[in-house]
Amino acid sequence: MPQQFVRKITLSAHIPISLTELYTHQDHIYPQGASRPGGVAFMAIARRGQKRTIQSGHAGQKAETTRDRQGRFSGRRELGTAMHADFDGLESEGATRRDTGPGKEAESVRGTSRLPRLAAGVLTLLTLTACSSWRNPPPKDPDALADYKEANDPYEPLNRKMYSLNMWAYHHALRPVGKAWAWVVPKFARDAISNLSETWNEPVAFFSDVGAGKSRRAGDSFMRFAINMTAGVGGLIDVATPVGYPQEDGNPGMTLATWGVPSGPYLFLPGMGPGTVRDAAADGIISIGLAPIDYVPKGYGLLTFNWAYNIAGRLNGYADAIDQIDNVERDALDPYAFIRSAWQQQQAVKIEAFRNDNRATVPDWYN
Amino acid sequence: MPISRVFARRVLLGLAAVATMAVSGARPALADEASDFVKSFGGQLVAIVNSDEPLEKKKQDVLPLLQKNLDIAEIGKFCLGRYWRAATPEQQKRYLSLFDHVLVNAITDRIGDYRGVTFIVTGTSHAPTGELVSAKIDRPGQPEADMQLLVVNNSGYKVVDMIGEGASLRLTQRQDYSAYLQRHNGNVNTLNDALQRQIEHHH
């Protein structure tokens with residue numbers, strides 16, 4: 001989702017058996033013949049959060065975890081139901097056609113439609129077979145079940161495959177290109193691109209704040225956008241932070257969380273990194289509509305600018321995160337699980353901070 | 001109501017009030033002690049990091065400081081989670097020894113990355129598992145970083161966790177090890193071997 005601008009991306013890898021030959025640097029971790037955690041991935045640990053850190057606390061984490069667990073179960077049920085509904089739909093459609101098809105004409109219709117139907121059937125069967133291998137069933141052992149619930153990752157086999165794909169891309173393209181980018185582009189220019197990406201994403205933060213009823217945050221986002229787009233030369237310079245409007249987290253996924261929408265299971269999506277069903281839906285659908293860059297009209301060279309802007313933002317994110325990604329790969333035995341845990345904790349704290357931000361709308365200097 | 005019962009109730013309420021005041025009075029004292037401990041530990045660490053000594057010397061100097069101020073055994077036990085109970089005493093002993101190395105390596109590896117660091121304690125809060133001391137780290141050319149150290153008093157204050165950008169280091173590590181062990185039939189020996197290889201390949 002290129003419109004998501006710069007994210008502070010942290011990648012880490014675990015290498016599937018099929019890609020073993022491509023990665024020999026982790027052989028010291030896995031003994032001969034031992035199964036490796038499948039998958040390679042990247043994560044956007046703190047979207048637009050490069051210039052600030054989050055106050056955290058154990059209490060907040062626990063509260064969110066409980067909510068997540070509740071959401072996890074309901075989310076999984078919803079997915080399961082949807083899957084069955086689709087399958088049932090196919091079956092009933094087939095049955096209807098069979099019932100209404102006596103006679104040559106109908107025979108002919110069946111003959112001509114057999115191939116696509118067969119293909120659809122095979123595809124459905126394959127999908128369902130694949131689905132069963134995408135999902136880990138809950139374990140019976142109570143301790144293992146507690147771990148399973150804590151991880152909130154029933155689709156771990158699928159997520160690890162996506163992680164593998166991302167890390168393969170990271171090692172073969174994004175890391176070298178990101179390194180080259182950091183070497184070629186001077187620091188001030190990279191900072192400017194980073195500021196541009198953050199500023200242009202402020203409308204997303206603004207509407208998310210409004211949706212969550214966080215008027216102070218919404219005002220801050222509005223002021224940041226207004227100041228940086230004018231005094232900050234279209235967003236290239238972050239003038240707003242020094243004058244009291246620092247960048248704050250806020251996205252549609254967090255807004256939905258404050259509405260009580262359950263997070264659903266953990267998802268690792270190619271190009272988007274770690275998230276949940278709720279985040280993926282909110283960021284994938286709502287954010288695109290809220291980002292001004294998406295309303296840039298075609299032609300007049302602006303489309304080219306849109307592409308350049310997105311690609312530069314992405315590269316910047318990778319270039320800034322390479323060291324972190326490398327550290328995780330070096331220090332973790334199972335980087336996929338390490339990233340999942342870190343991201344889930346950070347997200348819980350961010351949402352808790354967002355939910356508890358009930359500051360007055362008057363500026364600090366007024367008090 | 002008999003006077004003796006009224007008197008008894010008053011005495012009881014009075015004692016309860018005194019006990020509450022004693023507890024609320026003890027908490028700031030604990031918080032102050034925890035805060036002073038972190039100030040002292042952080043100050044010594046930053047002095048080494050900012051010194052002009054060569055990197056190897058810095059690493060040597062940091063080692064006793066970490067051994068003294070971190071409860072590495074407690075952190076190690078936490079990171080092994082439920083597998084700690086399942087491990088044999090030999091496996092536990094080997095694991096703790098290896099974990100000590102891995103943790104110290106992970107910290108000392110970062111020493112060379114920083115220079116001109118400032119460390120300020122910004123506050124303390126009480127958590128069910130200990131005192132949470134918040135600190136701010138400023139590095140030249142980098143955004144300010146907020147972190148929290150979880151400090152417990154087990155015959156002297158020691159750090160048992162670090163929380164950075166919302167993520168608890170020991171919890172993340174536990175889930176890393178737990179995922180690894182789940183994929184290796186819960187065999188602590190396999191984890192120990194992996195840690196051993198990590199140490200051997202450390203440079």
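Proteins get letters first, then strands, A, B, ... in listed order; numbering begins at 1 in each.
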Could you tell me which non-hydrogen atom of A/A337 sits nearest to which non-hydrogen atom of B/A179, and how far apart they are?
CB-CB, 3.2 Å

Can you tell me how far the CZ atom of B/R174 sits from the CD atom of A/E150, to the nearest 0.5 Å?
6.0 Å

Counting only N and O atoms by type, is there a donor-acceptor contact under 3.5 Å from the side chain of B/D176 to the main-chain atoms of A/D334?
yes

Using non-hydrogen atoms only, which part of B/E200 is less than 4.5 Å away from chain A: side chain, backbone, both, or neither?
neither

Which value, rounded to the nearest 0.5 Å, describes the distance between B/Q175 atom CD and A/D153 atom CG?
10.5 Å

Would you say NE2 of B/H101 has more than 12 non-hydrogen atoms from neighbouring residues, nucleotides or ligands within 6.0 angstrom?
no

For chain B, which candidate among A/S341, A/A144, A/P139 shows the most heavy-atom pairs at distances under 4.5 Å?
A/S341

Quick check against the 3.5 Å criterion: does A/Q345 have a side-chain atom that pairs as donor or acceptor with the backbone of B/S168?
yes

Minimum heavy-atom distance B/Q198-A/D331, with the two atoms named:
NE2-O, 3.0 Å

B/L171 side chain reached by A/Q344 side chain, heavy atoms, under 4.5 Å:
no

On a heavy-atom basis, which atom in A/Q346 and which in B/E165 lie closest, and how many Å separate them?
CG-O, 2.7 Å

Check B/L181, B/T190, B/L195, B/V102 against A/L333 for a side chain to side chain contact (heavy atoms under 4.5 Å, CB included) and give me the one that passes.
B/L195

Heavy atoms of B/T172 and A/F338 approach each other most closely as CG2-O, 3.4 Å

